[in-house]
Chemist: 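My structure is below; once you've seen it, I'll send some questions.
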Amino acid sequence: MSHPCTTALKLSTLNHLKQLHAQTIRHNLHHHNYWAAYLIAHCTRLHVPPPYTRLIFDSAPNPNALVFTNMLKFYSQTGAHSDVITLFGQMQNCGVRSDVCVYPMLMKSVGKAAVELHAHVLKMGYGCDVYVRNTMMGVYVKYGPVEVARKLFDEMCEKTVVDWNSMISGYWSWGCGVEACELFDLMPERNVISWTAMVTGFSKMRDLKSARRVFDEMPEKSIVSWNAMISGYDKNGFAEEAIRLFTEMVNSGFQPNEITWVKVISSCSSRGDPCLAESLVKMMDEKRVHLNYFVKTALIDMHAKCGSLQTARKIFDELGVHKNSVAWNTMISGYTHVGDLISAKELFERMSEKDVVSWNSMIAGYAQNGQSARAIELFQEMATTKESNPDEVTMVSVISACGHLGALELGNWVVNFITQSQIKLSISGNNSLIFMYSKCGCMKDARKVFQEMATRDVVSYNTLITGFAAHGHGSEALELMLKMKDEGIEPDRVTYIGVLTACSHSGLLEEGREMFDSIEDPEVDHYACMVDLLGRVGKLDEAKELIERMPMNPHAGVYGSLLNASRIHKRTDLGELAANILFELEPQNSGNYVLLSNMYASKGRWEDVERVRKAMREGGVKKTTGWSWVEYGGKMHKFIVGDRSHERSSDIYQLLTELRKKMRAAGYRADKSCVLRDVEEEEKEELVGTHSEKLAIAFALLVSEAGSVIRVMKNLRVCWDCHIAIKMISALEGREIIVRDNNRFHSFSKGQCSCNDYW
DNA sequence: CTAGGGTTAG
């Protein structure tokens, strides 16, 4: 058998390699270093599985520098960093002097610790090796400080184009666009990699105009350049543009590779367009695209997000037993996105190696499907089992779940957990904190988080504005809107909804009108807000005119606003008009029947009340049951009308009886027009059950510290009768009581409520 | 052996 240097055998498959390996064993040549080195080098090229390659390595009893080096290359290329380090140690122990070319690999593998290797490398005299110094720069570029990388760069007497490119992409990865551009302009020669780095850099800074400009100016494009530009569009939410560019690429004769397909498929996922998905699948079929693991995973995601979960599941199942966690996670979130938490949890439980994304997908799945308590429970399990460490994404879901629940104590515990675990919060993490504090009624803390943020985005503003709106702080909301424009952030549709709601909740008619007129293309939701505003301040006819004038079909929200305003201002005529349309638009929404019948009741029109109730019965409309809950002792205590299941139930009812006596003495009478309870005298309340708000407040009075603020959450509108009752309780007990209903806060204090447009 | 593009969670 001839020496590998002269062998003519061409190794193009794993089988060839195995044959040759077997041959060396037959000829008893396998312990020769030159054969081992030769075979290992081909293992790297052919992506041979690590165990087989290691077998070849181990068959050389006294590996020399070349065998070690090739094995190191193999590990380095497969990203097996710990193996690189171990093998390097073994090499030192064997007294084999390492070639300079192992240092770049070693430095990449040890990560940040390479900084300590720097001195050693200099002592060995490798300081001016092109590869070593470039890798060293790469280390500082990756781990910082980037200034040190620049210093190394400046000290090089002869810079290669690779050095320039490393430094440029280093600047981009630290967000230093100006420096990157400066260097790019100074470069003596550029290659396609330099240009592509600029495209990627600008996309990373969300400056797609510049990215595209550079892309168009490129003297030559590679497949990587196209992929970079497509990826840039996709990452910044321009899925359509990504797909358009892909078409352009194909038309100009470029063959898409697997990476291109992955990006195009993921753009399609974010659009969620089934037709596009279908056409992509067809195109890939025609072109006989090889589906590698990345492509298959992207396809699972695409099918799941484009509405065909079965297809997604089929591809998932076909991946067989060697599925990685990304595939599992993709399938899990596929299920949570359609609200199938059972299937999602089933997969989650079956996963043997859950990573942080698996936990986050499942937690977010609960949080986004209205199961906040489950989300928090799962987070606590995650923190206890320590299978993987929670990160910012975990905390965003958990914080927002606390917000939905109104769980302030828990929220504060979570904030403490974040500090303890040294989790850094970026913009979205802080945004979720703003949301939580707003939802818990702590606008001071919400504002504090907002003010302490170094950079804010449109969501930061929208969240705080929406918070102020729910609290009826109109002028703060307006101020914030001006501030955001000053900061160069453009208001979007959510901003306008927030500000208009805020104006509406604080009666700022002229400001709201002006705002509405300034919206370029008002959407139906903006009209609904404006109708609400006009209605609440009593301009009901104007509200009706606006509905008649609007260029699109009014939806239920628009008529809902009109109905609500009619009730506030006792305009039964308009109320009937709005309600009759609403009964057509959403026949099963009990709230509309309640509002109309309350209007009749307040005018003493009891026959009409009965008519509405009959319509409800005949239409099979179930009155939605509202829950009220209070946080105490790390738990949420939930109550429903007439609830007697709570462990403190007897104390609660006793306290309410005493309270009722005091309230009656102070002139309280249960409101007759709270018809759905059939209550004409407060004693009869016992017959239909005490309102959940009252139960929750009584419980809070029992357990909370004297003088502290009572916070009650409710998932429906605060009942009319309760609104009056809570005012009295706040005066009698000398307590501040904050009640949050669906979209608004009521702050009761000294017999007054913060909102005076409610009834 | 060093520089540019890839799948999942908010």
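Just so we're on the same page: letters track the sequence lines, and every chain starts at 1. Since this is a predicted model, take the numbers as computed values, not measurements.
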Chemist: Where the side chain of A:V161 is defined as all heavy atoms beyond and including C-beta, which of B:dT7, B:dA3, B:dG5 is the nearest nucleotide?
Modeler: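 Within the option list, the nearest is B:dA3.
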Chemist: I need the NE2-C1' distance between A:H303 and B:dT7, as an integer number of Å.
Modeler: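 Distance, rounded to whole Å: 14 Å.
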Chemist: With respect to the phosphate group of B:dA9, does any side-chain polar atom (N or O) of A:K305 fall under 4.0 Å of OP1 or OP2?
Modeler: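 It does, given that an N or O in the side chain of A:K305 lies less than 4.0 Å from OP1 or OP2 of B:dA9.
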Chemist: What is the distance, to the nearest angstrom, from the CG atom on A:L291 to the P atom on B:dG6?
Modeler: 19 Å
Chemist: Looking at B:dG4, does its base get a donor-acceptor pair with the side chain of A:S222 below 3.5 Å?
Modeler: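 Check passes, donor-acceptor contact within cut-off.
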Chemist: Considering every strand and a 4.0 Å limit on heavy-atom distances, what is the contact class for A:S361: base, sugar-phosphate, or nothing?
Modeler: sugar-phosphate
Chemist: Output the single nucleotide from B:dA3, B:dG4, B:dT8 whose closest atom is nearest the side chain of A:N134.
Modeler: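 Nearest nucleotide to the side chain: B:dA3.
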Chemist: Any luck finding a side-chain donor-acceptor pair between A:S388 and A:D355 under 3.5 Å?
Modeler: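 The answer is no; no qualifying pair exists.
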Chemist: At less than 3.5 Å, do the side-chain atoms of A:N191 and the base atoms of B:dA3 form a donor-acceptor pair?
Modeler: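 In this structure, the two groups form a donor-acceptor pair.
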Chemist: Using atom CZ of A:F88 as one end and atom C1' of B:dC1 as the other, report the distance to the nearest whole Å.
Modeler: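 That distance rounds to 13 Å.
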Chemist: Out of B:dA3, B:dG5, B:dA9, which has the shortest distance to the side chain of A:S169?
Modeler: B:dA3
Chemist: Could you check whether A:Q368 gets within reach of a base, just the sugar-phosphate, or nothing at all, counting any heavy atom under 4.0 Å?
Modeler: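 The residue A:Q368 makes sugar-phosphate contact but no base contact.
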Chemist: Side-chain donor or acceptor of A:T135 under 3.5 Å from a matching atom on the base of B:dT2?
Modeler: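 Result: no qualifying N/O pair found.
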Chemist: Specify the separation, in whole Å, of atom CD1 of A:I265 and atom C1' of B:dG6.
Modeler: 11 Å
Chemist: Counting side-chain heavy atoms from CB outward, which of B:dA9, B:dG6, B:dC1 is closest to A:V357?
Modeler: B:dA9
Chemist: Report yes if at least one side-chain N or O of A:K235 is closer than 4.0 Å to OP1 or OP2 of B:dG6; otherwise report no.
Modeler: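 Yes, A:K235 has a side-chain N/O under 4.0 Å of OP1/OP2 on B:dG6.
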Chemist: Regarding A:E392 and A:K424, does a basic nitrogen lie under 4.0 Å from an acidic carboxylate oxygen?
Modeler: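 Salt bridge between A:E392 and A:K424, a charged N being under 4.0 Å from a carboxylate O: no.
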Chemist: Between the base of B:dG10 and the side chain of A:S428, is there a donor and acceptor pair under 3.5 angstrom?
Modeler: yes
Chemist: Output the single nucleotide from B:dA3, B:dG5, B:dT7 whose closest atom is nearest the side chain of A:F294.
Modeler: B:dT7
Chemist: Compute the centroid of each ring, for A:F417 and then for A:F379, and state whether the two points are separated by less than 6.0 Å.
Modeler: yes
Chemist: Among the nucleotides B:dG6, B:dA3, B:dG5, which one has an atom lying closest to any side-chain atom of A:I193?
Modeler: B:dA3
Chemist: Look at all strands and tell whether A:D129 reaches a base, only sugar-phosphate, or nothing, counting heavy atoms closer than 4.0 Å.
Modeler: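 Here A:D129 touches no strand at all.
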Chemist: Any carboxylate oxygen within less than 4.0 angstrom of a Lys/Arg side-chain nitrogen, looking at A:R150 and A:E147?
Modeler: no
Chemist: Among B:dG5, B:dG6, B:dT7, which nucleotide sits nearest the side chain of A:T297?
Modeler: B:dT7
Chemist: Need one value for A:D391: base, sugar-phosphate or nothing, where a base atom within 4.0 Å counts as base even if backbone is also close, heavy atoms only.
Modeler: base
Chemist: Enumerate the residue pairs fulfilling ring pair (Phe, Tyr, Trp, His ring centres under 6.0 Å) with a member in residues 186-208 of chain A, sequence neighbours excluded, ordered by first and then second residue.
Modeler: A:W172-A:F202, A:F184-A:W195
Chemist: Which of these nucleotides, B:dC1, B:dG5, B:dT7, is closest to any side-chain atom of A:K263?
Modeler: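 Of B:dC1, B:dG5, B:dT7, B:dT7 is nearest to the side chain of A:K263.
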Chemist: So A:K354, base contact, sugar-phosphate only, or nothing? Heavy-atom distance under 4.0 Å.
Modeler: nothing
Chemist: Expressed as a whole number of angstroms, how long is the span from A:W328:CH2 to B:dT7:C1'?
Modeler: 17 Å
Chemist: Between atom OH in A:Y171 and atom P in B:dA3, what is the gap in whole Å?
Modeler: 18 Å
Chemist: From B:dA9, B:dA3, B:dG6, pick the nucleotide closest to the side chain of A:A364?
Modeler: B:dA9
Chemist: Base, sugar-phosphate or nothing for A:N257? Non-hydrogen atoms, less than 4.0 Å.
Modeler: base
Chemist: Please state whether the phosphate of B:dC1, meaning OP1 or OP2, lies under 4.0 angstrom from any side-chain nitrogen or oxygen of A:S76.
Modeler: no
Chemist: Base, sugar-phosphate, or nothing for A:T330, non-hydrogen atoms under 4.0 angstrom?
Modeler: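 Sugar-phosphate contact only.
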Chemist: Rounded to whole angstroms, how far apart are CG on A:N329 and C1' on B:dT8?
Modeler: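 Result: 5 Å.
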Chemist: Would you mind classifying the nucleic acid contact of A:V295 as base, sugar-phosphate or nothing, using non-hydrogen atoms under 4.0 angstrom?
Modeler: nothing
Chemist: Is it true that A:E318 and A:K314 have a side-chain N and a carboxylate O under 4.0 angstrom from each other?
Modeler: yes
Chemist: Which one, B:dC1, B:dG4, B:dT8, comes nearest to the side chain of A:V326?
Modeler: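 Shortest atom-to-atom distance from the side chain points to B:dT8.
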Chemist: Using whole Å, report how far OH of A:Y103 lies from C1' of B:dC1.
Modeler: 13 Å
Chemist: Please determine if A:R313 and A:E346 form a salt bridge, counting it only when a charged side-chain N lies under 4.0 Å from a carboxylate O.
Modeler: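 Salt bridge flag = no for A:E346 with A:R313.
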